[in-house]
Amino acid sequence: MNIVIGNHIFDKMENFLNKNTKGNIFLITDENVGKYYSDKILHYLSNFKVNVYTLIPGEENKNLNVVKDIYSRLIDLNCDRNTVIISFGGGVVGDIAGFVASTYLRGVDYVQIPTTLLSQIDSSIGGKVGVDFKGYKNMIGSFYFPLATFIDIELLKSLNKRNITSGVGELLKYGLIYDYNFFEFLSSNIDNIYNFDNKVLKIAIEKAVYIKEKIVSEDKRDKGIRKILNFGHTIGHGIESFYNFQRFNHGEAIILGMIYESFIAKEIRLIDEKYFNEIFKVLNRLVNPEAFNQKEINEILNKMTYDKKNEKDKIVFILPVGKGKVEIFNDIEINLIKKTLSGDWIWK
Ligand SMILES: NC(=O)c1ccc[n+]([C@@H]2O[C@H](COP(=O)([O-])OP(=O)(O)OC[C@H]3O[C@@H](n4cnc5c(N)ncnc54)[C@H](O)[C@@H]3O)[C@@H](O)[C@H]2O)c1
Ligand SMILES: O=C(O)C(=O)C[C@@H](O)[C@H](O)[C@H](O)COP(=O)(O)O
Ligand SMILES: [Zn+2]
C-alpha cells in the first residue's frame, strides 16, 4: 500500500494527486478539521476542481442518512467515475468517505488523509469502511482500500486530550496483541505522546502502521488472524454502543474493553496476576473501568451478541495468553462475562 508518514507532507499528497488523478476531487471532512485546516488543504489542491462536503463531527453521524446525503450531493454535482474522494478527518470521516467511495457508481478511487492519532495508526489502514446501524457498530460496510494514505503528524497538534487518549488506546492494543516491547515503549512514553514529542510519535505511528499492515496483508477480509486486531472490541464496542456513542469515544471504550477482557483472561488463567496488574496499571491511567448493574450488563451483553466476530450464537473474544500474544476464544462462560462487567473486582 502507498503510505507516506512524516511532517508537512501535503506537497507529497499534491504530487501524488497530480500523477494519479484525471477527474475532480470530492473532499469529505468535518467541521472541526475544516476549522483548523481547510485553507491549508485547499491551497495544496488549487490545481484541481474541488467540491467539499463537511460533516457534523461525532460517531452519532456515522450512519446511512449521512451516506445518502453524500450520494445526493455527488449526483447533483454529476460526479463521474474519475472523481477522487479525499477523506480529510478522523476515523468517522474516513469510515464514511471510504464506504461512499466503495459504493458510489460501484466504486471510485479515494485517498485517506487521517487527522487524529487513532485514524493515523488504525482506521486509515486496512480498508475496513462502513457505518453504524440500529445502534450497533459498523454493521454496514465493506473492505475497500484507498489509493494512498498520507499521515501528517503535524495535524495532531490541534487534538484535545481525550482524542489523544483514544489513539493511545489503539496503539497499546498493538503492543498487547503483537509486540510486548512496543507496549513497554508506549507505556513509558505516554506523557511524551500527550506532549506531541515528534520523535516518539513518529516511532509509534510507524510501528503501528507496520504491524497493522502486516496483519491485514495476511487476512484482508477478517476471516482469521486479522481478528486479533479486535482485542478489546467485543466488550469495547458493547460499551460504546450501550451509551449511544455519547459517553466514551472509540479508543476510550476499547481501553475499557481491553481491561475487562484481560480480567477474563486472568480469571481463566490464560495470563497470571502479575501480567494482568501490569496491563491494568497502564490502561487504568487512561480510563477507569466502571461497575455495571444487572440491567446494564444485560444491555451490554445484548449489544455484544451482534458482534461481527460471533459464530453460531457464541460470543467471540480475543484474549491475552502471554506478553504481546493473544488468541481467539468462543467458549467464555456468560457468568464470567457478567462478573467481569459487575466490576466487583475493581476496588479489591
Ligand atoms: N476502519 C477501521 O479500521 C477503524 C479502526 C479504528 C477505529 N475506527 C472507527 O474510527 C472512529 C473513531 O475515529 P476518531 O477517533 O478519529 O474519531 P473522530 O473521527 O470522531 O474524531 C474525533 C474528534 O476529533 C476531531 N478532530 C479530527 N481531527 C482533528 C484535528 N487534527 N484537530 C482537532 N480536532 C480534530 C473530530 O472533529 C472529532 O470531534 C470510530 O467510528 C471507530 O469505529 C475504524
Ligand atoms: O482493522 C481491523 O480489523 C480492526 O479490528 C481495527 C479496529 O480497531 C477497528 O475498530 C475496526 O473498525 C473494528 O472493526 P469491526 O469489524 O469490529 O467493526
Ligand atoms: Zn478499534
Side-chain angles (χ1 to χ4, degrees), residues 28-37 40-41 54-63 87-99 112-133 136-146 149 152-171 173-174 177 196 208 211-213 215-216 218-234 236-238 240-241 245 248-255 257-258 304 306-310 316 318:
I28 305 180
T29 188
D30 77 17
E31 286 169 354
N32 294 328
V33 178
K35 188 174 76 190
Y36 288 108
Y37 303 111
K40 180 174 168 151
I41 191 145
T54 306
L55 297 164
I56 300 167
E59 181 77 25
E60 62 279 18
N61 298 307
K62 199 175 104 173
N63 61 49
S87 159
F88 186 45
V92 168
V93 172
D95 282 10
I96 293 176
F99 183 65
Q112 289 265 19
I113 309 177
T115 63
T116 59
L117 181 58
L118 181 140
S119 58
Q120 296 195 344
I121 55 102
D122 192 352
S123 62
S124 65
I125 316 292
K128 271 190 182 177
V129 294
V131 293
D132 305 328
F133 192 66
Y136 301 105
K137 282 284 292 187
N138 304 334
M139 292 301 276
I140 312 292
S142 55
F143 296 95
Y144 194 65
F145 288 80
T149 298
D152 193 331
I153 300 169
E154 273 314 294
L155 300 173
L156 303 182
K157 291 188 176 149
S158 48
L159 279 182
N160 65 27
K161 191 168 181 214
R162 282 189 63 190
N163 282 310
I164 300 281
T165 302
S166 185
V168 170
E170 295 271 22
L171 275 175
K173 178 189 79 180
Y174 291 114
I177 64 170
F196 303 99
I211 294 173
K212 180 150 188 187
E213 276 242 286
I215 293 169
V216 170
E218 285 174 40
D219 173 26
K220 290 199 178 61
R221 296 183 70 86
D222 211 9
K223 305 254 189 242
I225 178 81
R226 182 172 182 161
K227 290 189 177 57
I228 69 171
L229 292 167
N230 234 252
F231 172 45
H233 286 61
T234 305
H237 273 171
E240 195 183 350
S241 44
F245 313 116
F248 297 109
N249 64 35
H250 178 71
E252 290 171 337
I254 295 324
I255 291 168
M258 290 192 290
M304 286 161 56
Y306 292 91
D307 190 291
K308 289 177 290 310
K309 297 186 295 303
N310 295 348
V316 171
I318 315 303

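When a ligand or atom number is given, it counts from 1 through the structure's own listing order.
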S.K.: Starting from atom 37 (O) of ligand 1, which protein heavy atom do you reach first, and at what distance in Å?
M.R.: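 I find the closest protein heavy atom is Asp30 OD2, 2.6 Å.
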S.K.: Would one find an N or O of Asp122, backbone or side chain, under 3.5 Å from an N or O of ligand 2?
M.R.: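 The answer is yes, given that Asp122 and ligand 2 share an N or O pair closer than 3.5 Å.
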S.K.: When you measure from atom 10 (O) of ligand 1 to every protein heavy atom, which one gives the shortest distance, and what is it?
M.R.: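 Heavy-atom neighbour on the protein nearest atom 10 (O) of ligand 1: Gly91 CA, 3.3 Å.
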S.K.: For residues His250 and Lys137, determine if any side-chain heavy atom of one lies less than 4.5 Å from a side-chain heavy atom of the other.
M.R.: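 His250 vs Lys137: side chains touch.
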S.K.: CG/Leu118 to CG/Asn163 distance, rounded to the nearest 0.5 angstrom?
M.R.: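 The CG atom of Leu118 sits 8.5 Å away from the CG atom of Asn163.
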S.K.: If you measure only the distance, is there a donor-acceptor pair under 3.5 Å linking the side chains of Asn249 and Ser166?
M.R.: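 Result is yes, a qualifying pair exists.
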S.K.: Less than 3.5 Å between some nitrogen or oxygen of Leu118 and one of ligand 1, yes or no?
M.R.: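 No, no N or O pair falls under 3.5 Å.
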S.K.: Which residue owns the protein heavy atom closest to atom 22 (C) of ligand 1, what's the atom, and how far is it?
M.R.: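 Sorting protein heavy atoms by distance from atom 22 (C) of ligand 1 puts Asn163 OD1, 3.3 Å first.
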S.K.: Of all the atoms in ligand 2, which lie at a distance below 4.0 Å from a heavy atom belonging to His250?
M.R.: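 Atoms satisfying the 4.0 Å criterion: 10 (O).
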S.K.: Would Glu170 count as being in polar contact with ligand 1, using the rule that some N or O on each side must be under 3.5 angstrom apart?
M.R.: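 For ligand 1, there is no N or O atom that lies under 3.5 Å from one belonging to Glu170.
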S.K.: If you have a sec, work out which protein heavy atom is nearest atom 25 (C) of ligand 1 and how many Å separate them, to one decimal?
M.R.: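 Minimum-distance protein heavy atom for atom 25 (C) of ligand 1 reads Asn32 ND2, 4.0 Å.
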S.K.: What is the closest protein heavy atom to atom 1 (N) of ligand 1, and at what distance does it sit?
M.R.: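 Residue, atom and distance for the closest contact: Lys128 O, 2.7 Å.
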S.K.: What protein heavy atom lies closest to atom 12 (O) of ligand 2? Include the residue and the distance to one decimal.
M.R.: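 The closest one turns out to be Asn138 ND2, 3.4 Å.
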S.K.: In ligand 2, which numbered atoms sit nearer than 4.0 Å to a non-hydrogen atom of Lys128?
M.R.: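 The atoms of ligand 2 under 4.0 Å from a heavy atom of Lys128 are 1 (O), 2 (C), 3 (O), 4 (C), 5 (O), 14 (O), 15 (P), 16 (O).
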S.K.: Tell me: protein heavy atom nearest atom 41 (O) of ligand 1, and distance?
M.R.: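 Going by distance alone, atom 41 (O) of ligand 1 is nearest to Glu59 OE1, 2.5 Å.
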S.K.: Taking distance alone, with N or O pairs closer than 3.5 Å, would you say His237 contacts ligand 1?
M.R.: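 For ligand 1, there is no N or O atom that lies under 3.5 Å from one belonging to His237.
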S.K.: Could an N or O of ligand 1 be found under 3.5 Å from any N or O of Tyr37, whether backbone or side chain?
M.R.: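 It does not: no N or O of Tyr37 is found under 3.5 Å from an N or O of ligand 1.
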S.K.: Compute whether any side-chain donor of one residue and acceptor of the other, for Asn138 and Lys308, lie under 3.5 angstrom apart.
M.R.: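 The answer is no; no qualifying pair exists.
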S.K.: Report yes if Ser158 has an N/O atom closer than 3.5 Å to an N/O atom of ligand 1; otherwise report no.
M.R.: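 Among all N and O atoms of Ser158, at least one is under 3.5 Å from an N or O of ligand 1.
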S.K.: When only distance counts, is Lys308 in polar contact with ligand 2, meaning an N/O pair under 3.5 Å?
M.R.: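 N/O-N/O distance under 3.5 Å: yes.
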S.K.: With respect to the Zn ion (ligand 3), what is the nearest N, O or S atom of Glu170?
M.R.: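 Going by distance to the Zn ion (ligand 3), the closest N, O or S atom in Glu170 is OE2.
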S.K.: Quick one: do Ile41 and Ile113 satisfy side chain to side chain contact (heavy atoms under 4.5 Å, CB included)? Show the steps, please.
M.R.: CA-CA 10 Å; Ile41 191 145; Ile113 309 177; 3.6 Å; yes
S.K.: When only distance counts, is Asp95 in polar contact with ligand 1, meaning an N/O pair under 3.5 Å?
M.R.: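 Yes, Asp95 has an N/O under 3.5 Å of an N/O on ligand 1.
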S.K.: Indicate yes or no: does an N/O atom of Gly58 lie under 3.5 Å from an N/O atom of ligand 1?
M.R.: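 It does not: no N or O of Gly58 is found under 3.5 Å from an N or O of ligand 1.
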S.K.: Please could you name the atoms of ligand 2 that Lys173 approaches to less than 4.0 Å, counting only its heavy atoms?
M.R.: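 That gives atoms 6 (C), 7 (C), 8 (O) of ligand 2.
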S.K.: Salt bridge or not between Glu218 and Arg226? Use side-chain N to carboxylate O under 4.0 Å.
M.R.: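 Answer for the salt bridge query: no.
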S.K.: What protein heavy atom lies closest to atom 13 (C) of ligand 2? Include the residue and the distance to one decimal.
M.R.: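 Checked against all protein heavy atoms, atom 13 (C) of ligand 2 sits closest to Asn230 ND2, 3.7 Å.
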S.K.: Do Thr115 and Tyr36 have side-chain N/O donor and acceptor atoms under 3.5 Å apart?
M.R.: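 Looking only at side-chain atoms, Tyr36 and Thr115 do not form any donor-acceptor pair under 3.5 Å.
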S.K.: Tell me: protein heavy atom nearest atom 43 (O) of ligand 1, and distance?
M.R.: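 Looking at atom 43 (O) of ligand 1, the protein heavy atom closest to it is Lys137 NZ, 2.7 Å.
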S.K.: Can you sort out which atoms of ligand 2 are near Arg226, meaning under 4.0 Å from one of its heavy atoms?
M.R.: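 Once the distances to Arg226 are compared, the set is 1 (O), 2 (C), 3 (O).
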S.K.: Could you tell me the residue and atom name of the protein heavy atom closest to atom 9 (C) of ligand 2, and the distance to it rounded to 0.1 Å?
M.R.: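 Here the closest protein heavy atom is His233 NE2, 3.7 Å.
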S.K.: Answer with side chain, backbone, both or neither: which part of Lys212 has a heavy atom less than 4.0 angstrom from an atom of ligand 1?
M.R.: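 Only the side chain of Lys212 comes within reach of ligand 1.
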S.K.: List ligand 2 atoms under 4.0 Å from Lys212, heavy atoms only on the residue side.
M.R.: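 Counting atoms of ligand 2 from 1, those under 4.0 Å from Lys212 are 1 (O), 2 (C), 6 (C).
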S.K.: Would you call Lys128 and Asp222 a salt bridge, using N to O less than 4.0 angstrom?
M.R.: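 Asp222 and Lys128: salt-bridged.
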S.K.: Between Pro57 and ligand 1, find which residue part has any heavy-atom pair under 4.0 Å and reply side chain, backbone, both or neither.
M.R.: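 The side chain, only.
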S.K.: Any idea which part of Lys62 is under 4.0 Å from ligand 1, heavy-atom wise: side chain, backbone, both or neither?
M.R.: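 It is the side chain that gets close, since no backbone atom is under 4.0 Å.
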S.K.: So which protein heavy atom does atom 6 (C) of ligand 1 come closest to, and at what separation?
M.R.: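 Residue, atom and distance for the closest contact: Asp122 OD2, 3.3 Å.
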S.K.: Strictly below 4.0 Å, N to O, side chains only: are Lys173 and Asp122 in salt-bridge contact?
M.R.: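 Salt bridge: yes.
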S.K.: Where the Zn ion (ligand 3) is the corner point, what angle links NE2 of His233 with NE2 of His250, to 10°?
M.R.: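 Result: 100°, to 10°.
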S.K.: Could you say whether the N/O atoms of Ser119 and ligand 1 ever approach to under 3.5 Å?
M.R.: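 No - when backbone and side-chain N and O of Ser119 are compared with those of ligand 1, no distance drops under 3.5 Å.
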S.K.: Check for me whether Leu159 has a heavy atom closer than 4.0 Å to any atom of ligand 1.
M.R.: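 A heavy atom of Leu159 does come that close to ligand 1.
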S.K.: Flag Asp122 as yes if one of its N/O/S atoms falls below 2.8 Å of the Zn ion (ligand 3), otherwise no.
M.R.: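 Checking the Zn ion (ligand 3) against Asp122, no N, O or S atom falls under 2.8 Å.
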